[in-house]
Amino acid sequence: MNARWYAMEGGAAKCRLCFHGCLVPEGGTGYCGARGWNGGFFASPYLGRFSSCAVDPIEKKPLYHWRAGSSIFSLGSLGCNMRCPFCQNHAIAQPANMKTPLTEIPPEELVRHVQSFGLPAVAYTYNEPALQAEYILEAAPLLKNDGIASVIVTNGMFSREALNDLLPWIDAANVDVKTFDSGKYADMGGSLDTVRENVESMTRAGVHVELTNLIVPGISDSPEDFERMTDWIASISPDIPLHISRYFPAHRCPAPPTDIGLMRGFQASARRKLKSVHLGNV
């Protein structure tokens, strides 16, 4: 399956899938490690191919206020367009490190598979679903025809062009807002401005949006940044649920687990502005 969002610039492929806008030379790959220019084609070998699938409770995404109590078919592939030092799914976020064979699931087969489980929705999760955007565009209309919804669990780093194409087909999303410090976002290969714009766009488009903020010591535990984040969420809508999630040491981040007292203080602060604030991983 060829990539959709790119243009040629001086013999290289300019990827337009996410905010990075990588200029990829012949034989090279983008920042995500999942899209490359090779033999005259800009494509991803992972489109429509998945490293993991499972039936999860919807609350695991986490989505607490959309079809609560139901189950969802979850799909994960390879690659990510951020480099979070605390990544809990780093084995699949970095394709070069992934040794597990991938399973190809054509969109028509996905529909049949989900129907066989009697499930009402599919989630693209575990790794960054933006890297399966072309697949989602093919699969979501087929799923919708059979009454099956499409969900993304994302870091929100889509380009505006790619997100606008996807929005009509996305029913719900959980967006991970890593921090509210633009410099720390940049250190992780992300963009605070991009995630803010995309959360606002999803909400305006009628997508059910819930947000997750993992509280990582030294990265996202600033009370001032947290206050600014909750002010921003409330300015969009106080109805947007916020999940405050506890961090545990993972990947390249040796900081101790998040203090639960700090999380409870954040929850109390957020509840002064937002209607639904949940603690996770506690």
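Numbers for residues simply follow the sequence, beginning at 1.
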Enquirer: In terms of hydrophobic clustering (I, L, V, M, F, W, Y; side-chain heavy atoms under 4.5 Å; direct or indirect links), are Tyr64 and Val153 co-clustered?
Expert: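 No; Val153 is not reachable from Tyr64 via cluster members.
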Enquirer: For residues Leu242 and Ala270, report the shortest heavy-atom separation together with the two atoms involved.
Expert: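 Distance-wise, the nearest heavy atoms are CD2-CB, 4.2 Å.
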Enquirer: Are the side chains of Met82 and Met157 in touch, meaning some heavy atoms are under 4.5 Å apart?
Expert: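 Side-chain contact under 4.5 Å: yes.
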Enquirer: How close do Ile215 and Pro217 get, counting heavy atoms only, and between which atoms?
Expert: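 That closest heavy-atom pairing would be O-CD, 3.8 Å.
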Enquirer: Side chains of Leu163 and Glu197, heavy atoms from C-beta outward: is any pair under 4.5 Å?
Expert: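 Side chain of Leu163 against side chain of Glu197, heavy atoms only: no contact under 4.5 Å found.
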Enquirer: Under a 4.5 Å cut-off applied to non-hydrogen side-chain atoms, are Tyr135 and Arg49 in contact?
Expert: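 No - every pair of side-chain heavy atoms lies 4.5 Å or more apart.
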Enquirer: Could you tell me whether Arg16 and Glu161 make a salt bridge, using a distance below 4.0 angstrom between a side-chain N and a carboxylate O?
Expert: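 The answer is yes: the pair qualifies as a salt bridge.
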Enquirer: For Arg160, is the CZ atom crowded, meaning more than 12 foreign heavy atoms sit under 6.0 Å from it?
Expert: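 No - once you tally the heavy atoms of other residues, nucleotides and ligands closer than 6.0 Å, there are 12 at most.
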Enquirer: Could you grab the distance from atom CD1 of Ile236 to atom CG of Asp231, nearest 0.5 Å is fine?
Expert: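 That separation rounds to 11.5 Å.
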Enquirer: Check each of Ile136, Val207, Thr125, Val122 against Ile152 using the side-chain contact (heavy atoms from CB on, under 4.5 Å) test, and report the only one that passes.
Expert: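 Testing Ile152 for a side-chain contact (heavy atoms from CB on, under 4.5 Å) against Ile136, Val207, Thr125, Val122 leaves exactly one candidate, Ile136.
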Enquirer: Run the numbers on Tyr46 and Leu131 for side-chain contact (heavy atoms from CB on, under 4.5 Å), then give the verdict.
Expert: CA-CA 8 Å; Tyr46 308 126; Leu131 304 179; over 6 Å; no
Enquirer: Between Leu17 and Arg35, does a side-chain contact (heavy atoms from CB on, under 4.5 Å) hold up when you go through it step by step?
Expert: CA-CA 10 Å; Leu17 176 66; Arg35 295 184 172 232; 3.4 Å; yes
Enquirer: On a heavy-atom basis, which atom in Cys53 and which in Phe73 lie closest, and how many Å separate them?
Expert: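 Shortest heavy-atom contact: CB-CZ, 3.9 Å.
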Enquirer: Using a strict threshold of under 4.0 Å (side-chain N to carboxylate O), is an ion pair present between Asp165 and Arg4?
Expert: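 The answer is yes: the pair qualifies as a salt bridge.
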Enquirer: Treating Ile, Leu, Val, Met, Phe, Trp and Tyr as nodes and any side-chain heavy-atom pair under 4.5 angstrom as an edge, say whether Ile170 and Val111 lie in one connected cluster.
Expert: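 Both belong to a single hydrophobic cluster.
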Enquirer: Could you tell me whether the side chains of Tyr126 and Asp56 share a donor-acceptor contact shorter than 3.5 Å?
Expert: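 Their side chains do contain a donor-acceptor pair, which is all the 3.5 Å distance test asks for.
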Enquirer: Would you say Glu138 and Trp169 are linked by a side-chain donor-acceptor pair, where the criterion is simply a distance under 3.5 Å?
Expert: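 Looking only at side-chain atoms, Glu138 and Trp169 do not form any donor-acceptor pair under 3.5 Å.
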Enquirer: Indicate the ring-plane relationship of Trp37 and Tyr6, choosing parallel, tilted or perpendicular according to the 30° and 60° boundaries.
Expert: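 Rings of Trp37 and Tyr6: tilted, as their planes differ by 30° to 60°.
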Enquirer: I'd like to know whether Lys178 forms a side-chain contact (heavy atoms from CB on, under 4.5 Å) with Val216, so could you lay out the CA-CA distance, the side-chain angles of the two residues, the decisive distance to 0.1 Å, and finally the verdict.
Expert: CA-CA 9 Å; Lys178 308 288 183 179; Val216 183; over 6 Å; no
Enquirer: Main chain of Leu142, side chain of Asn145: is a donor-acceptor contact present, judged purely on distance under 3.5 Å?
Expert: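 Side chain of Asn145 to backbone of Leu142, a donor-acceptor pair under 3.5 Å: no, none is there.
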Enquirer: Per the side-chain contact (heavy atoms from CB on, under 4.5 Å) rule, which among Gln267, Arg272, Arg271 passes with Ser269?
Expert: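 For Ser269, the side-chain contact (heavy atoms from CB on, under 4.5 Å) check succeeds only for Arg272.
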Enquirer: Go through the steps for His243 and Glu210 under the test side-chain hydrogen bond (donor to acceptor under 3.5 Å, both in side chains), then give the verdict.
Expert: CA-CA 8 Å; His243 301 265; Glu210 301 192 22; 2.6 Å; yes
Enquirer: Can you measure from CZ (Arg67) to NE2 (His208) and round to the nearest 0.5 angstrom?
Expert: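 One finds 11.0 Å between CZ of Arg67 and NE2 of His208.
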Enquirer: Hey, could you give me the CG/CZ distance between Asn81 and Phe158, rounded to the nearest 0.5 Å?
Expert: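 Asn81 CG to Phe158 CZ: 8.5 Å, rounded to 0.5 Å.
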Enquirer: Got Val277 and Phe266 here, is their nearest side-chain heavy-atom distance under 4.5 Å?
Expert: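 Answer no - side chains too far apart.
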Enquirer: Under a single-linkage definition using a 4.5 Å side-chain heavy-atom cutoff for Ile, Leu, Val, Met, Phe, Trp and Tyr, are Met263 and Leu274 assigned to the same hydrophobic cluster?
Expert: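 Yes, Met263 connects to Leu274 through the hydrophobic network.
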Enquirer: Can you confirm whether Asp193 sits close enough to Tyr185 that some side-chain heavy atom of one is under 4.5 Å from a side-chain heavy atom of the other?
Expert: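 Heavy-atom side-chain distance check fails, nothing below 4.5 Å.
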Enquirer: Quick one: do Phe50 and Phe117 end up in the same hydrophobic cluster if we chain Ile, Leu, Val, Met, Phe, Trp and Tyr together by side-chain heavy atoms under 4.5 Å apart?
Expert: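 Yes: a chain of side-chain contacts under 4.5 Å links Phe50 to Phe117.
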Enquirer: Just how far is it from atom CE of Met229 to atom CG of Asn213, taken to the nearest 0.5 Å?
Expert: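 Met229 atom CE to Asn213 atom CG measures 3.5 Å (nearest 0.5 Å).
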Enquirer: Is a side-chain donor or acceptor of Arg246 paired with a backbone partner of Thr258 at a separation under 3.5 angstrom?
Expert: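 Checking the backbone N and O of Thr258 against the side chain of Arg246, a donor-acceptor pair under 3.5 Å is found.
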Enquirer: Linking I/L/V/M/F/W/Y whenever any side-chain heavy atoms sit under 4.5 Å apart, do Leu63 and Leu279 land together?
Expert: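 They do not share one cluster, since no chain of ILVMFWY contacts under 4.5 Å joins Leu63 to Leu279.
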Enquirer: Can a donor-acceptor pair be found, under 3.5 Å and without considering hydrogens, that links the side chain of Ser44 to the backbone of Ala34?
Expert: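 Yes: the side chain of Ser44 pairs with the backbone of Ala34.
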Enquirer: With a 4.5 Å cut-off on side-chain heavy atoms, are Ile72 and Leu119 touching?
Expert: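 Sidechains of Ile72 and Leu119: no contact.
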Enquirer: Between Glu128 and Asn155, do the side chains contain an N or O donor and an N or O acceptor separated by less than 3.5 Å?
Expert: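 Looking only at side-chain atoms, Asn155 and Glu128 do form a donor-acceptor pair, the distance falling under 3.5 Å.
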Enquirer: Indicate yes or no: at least one non-hydrogen side-chain atom of Lys273 is less than 4.5 angstrom from one of Glu227.
Expert: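 Yes, at least one pair of side-chain atoms sits under 4.5 Å.
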Enquirer: Looking only at non-hydrogen atoms, find the nearest pair between Leu143 and Ser150 and report the distance.
Expert: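 Taking Leu143 first and Ser150 second, the nearest heavy atoms are CD1-OG, 3.8 Å.
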Enquirer: Rounded to the nearest 0.5 Å, what's the gap from OG on Ser245 to CG on Asp176? Could you check?
Expert: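 One gets 8.0 Å once the value is rounded to the nearest 0.5 Å.
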Enquirer: So, taking the atom named CD in Glu59 and the one named NE2 in His278, what distance separates them when rounded to the nearest 0.5 Å?
Expert: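 Going from CD on Glu59 over to NE2 on His278, the span is 10.0 Å.
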Enquirer: So, are Asp225 and Arg228 salt-bridged, with charged N and O less than 4.0 Å apart?
Expert: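 Here Asp225 pairs with Arg228 in a salt bridge, since their nearest N and O are under 4.0 Å apart.
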Enquirer: Let's go through Tyr247 and Ser220 carefully: what are the C-alpha distance in whole Å and the side-chain angles of both, what is the deciding distance for side-chain contact (heavy atoms from CB on, under 4.5 Å) to 0.1 Å, and is it a yes or a no?
Expert: CA-CA 10 Å; Tyr247 149 89; Ser220 53; over 6 Å; no
Enquirer: With a 4.5 Å heavy-atom cut-off, do Val195 and Asn198 have their side chains touching?
Expert: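 Contact flag for Val195/Asn198 side chains = no.
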Enquirer: Determine whether the side chains of Asn127 and Ser77 contain a donor N or O and an acceptor N or O closer than 3.5 Å.
Expert: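 Result is no, nothing qualifies.
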Enquirer: Does a sphere of radius 6.0 Å around NZ in Lys184 hold more than 12 heavy atoms from other residues, nucleotides or ligands, not counting ones at 6.0 Å or beyond?
Expert: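 It does: Lys184 NZ has more than 12 such atoms within range.
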Enquirer: For residues Ala250 and Cys87, report the shortest heavy-atom separation together with the two atoms involved.
Expert: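 Heavy atoms only, the tightest pair is CB-O, 4.0 Å.
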Enquirer: Which atom names give the shortest non-hydrogen contact between His65 and Pro241, and what distance separates them?
Expert: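 It is CD2-CG, 3.5 Å.
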Enquirer: On the 0 to 90° scale, with breaks at 30° and 60°, tag the Trp232-Phe180 ring pair as parallel, tilted or perpendicular.
Expert: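 Geometry flag for Phe180 against Trp232: tilted rings.
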Enquirer: Here's a test for you: under side-chain contact (heavy atoms from CB on, under 4.5 Å), which of Ile244, Thr179, Leu262 qualifies with Phe226?
Expert: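 Of Ile244, Thr179, Leu262, side-chain contact (heavy atoms from CB on, under 4.5 Å) with Phe226 is met by Ile244 alone.
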